[in-house]
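Since the structure comes first, as structure tokens, the remarks are kept for the end.
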Amino acid sequence: MIGKFITLEGMDGAGKSTHIPSIIEMLQVRGHEVVSTREPGGTALGERLREILLHEPMHAETETLLMFAARREHIARVIAPALERGAYVLSDRFTDATYAYQCGAKGVTGSKVHLLELWVQSALQPDITLLFDVPVEVSMQRLSSARTPDKFERENADFFTRIREAYLQRAEQDPTRFRVIDANKSLEEVNVSVANIIATL
Ligand code: TYD
């Protein structure tokens, strides 16, 4: 038995996390076991690394290595066992975020991330990735009215523009895996788009 691996991606403020409860419900109604998780995090060690990653200034490559350290643990303890028993794994972010944030926005070389990806994931890739896309001004506007920003959320418009471009470029390169959702709409409209995609899984 093999389950399905679904990932959610997008800039901070794109609103992806809001849709997690309804995605879980849609899948459960269809009788699937759903494991909902996140990155960085998803394990006890990963959550400790998340605290450091989100609040401690560090070199961009250190950040990349810690992201993959957390990911290795996440795959070993959560993602792989769940997929093996046939569950649907829903992860709020995965490796596309490393390509968008650490490569796209912070300049880490893509080939280095690719090496880590091969090492840590072997052949594991998401079956489907929902990319919540919003213009940078919208994401920044949403963030400014939300909670206290973390290290990433305090960055400027250029940083977010590079993230958005990196995500869209990845989506263009892998149209089979990616579904780009226009998240600059009402919650209800975005929810309908999400439901339509989930219905096809
Ligand atoms: P996020 O899902 O935005 O958490 P929250 O909604 O609780 O703030 O993720 C936290 C941050 O981690 C986000 O700004 C993106 C960043 N991140 C990376 O820079 N690289 C990665 O590989 C991952 C998984 C996340």
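Whatever order the structure lists them in is the order used to number ligands and atoms, beginning at 1. Bear in mind that the values here come from a model prediction, so they are computed numbers and not experimental data.
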**Q.** Leu27 side chain reached by Leu90 side chain, heavy atoms, under 4.5 Å
**A.**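 In short, these two side chains do not touch, never coming nearer than 4.5 Å.
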Q: Using only heavy-atom distances, determine whether the side chains of Arg71 and Thr98 contain a donor-acceptor pair under 3.5 Å.
A: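 Short answer, yes.
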Q | Verify same cluster id: Val35, Ile6 (apolar side-chain graph, 4.5 Å) | A |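 No.
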Q: May I ask whether Phe94 and Leu201 are part of the same hydrophobic cluster, defined by side-chain heavy atoms of I, L, V, M, F, W, Y residues being less than 4.5 angstrom apart, directly or through others?
A: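 Phe94 and Leu201: separate clusters.
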**Q.** Matching residue for Pro40 among Leu54, Leu49, Leu66 - test: side chain to side chain contact (heavy atoms under 4.5 Å, CB included)
**A.**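 Only match with Pro40 under side chain to side chain contact (heavy atoms under 4.5 Å, CB included): Leu54.
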**Q.** Atom-level proximity to ligand 1, residues with heavy atom under 4.0 Å
**A.**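 Ligand 1 is contacted, at a heavy-atom distance under 4.0 Å, by Asp12, Lys16, Glu39, Pro40, Arg50, Leu54, Met67, Arg71, Asp92, Arg93, Ala97, Thr98, Tyr101, Gln102, Arg147, Asp150, Phe152, Glu153.
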**Q.** Reference residue Thr95; test side chain to side chain donor-acceptor pair (under 3.5 Å); the match among Gln125, Arg170, Gln121
**A.**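 Testing each of Gln125, Arg170, Gln121 against Thr95, the sole residue satisfying side chain to side chain donor-acceptor pair (under 3.5 Å) is Gln121.
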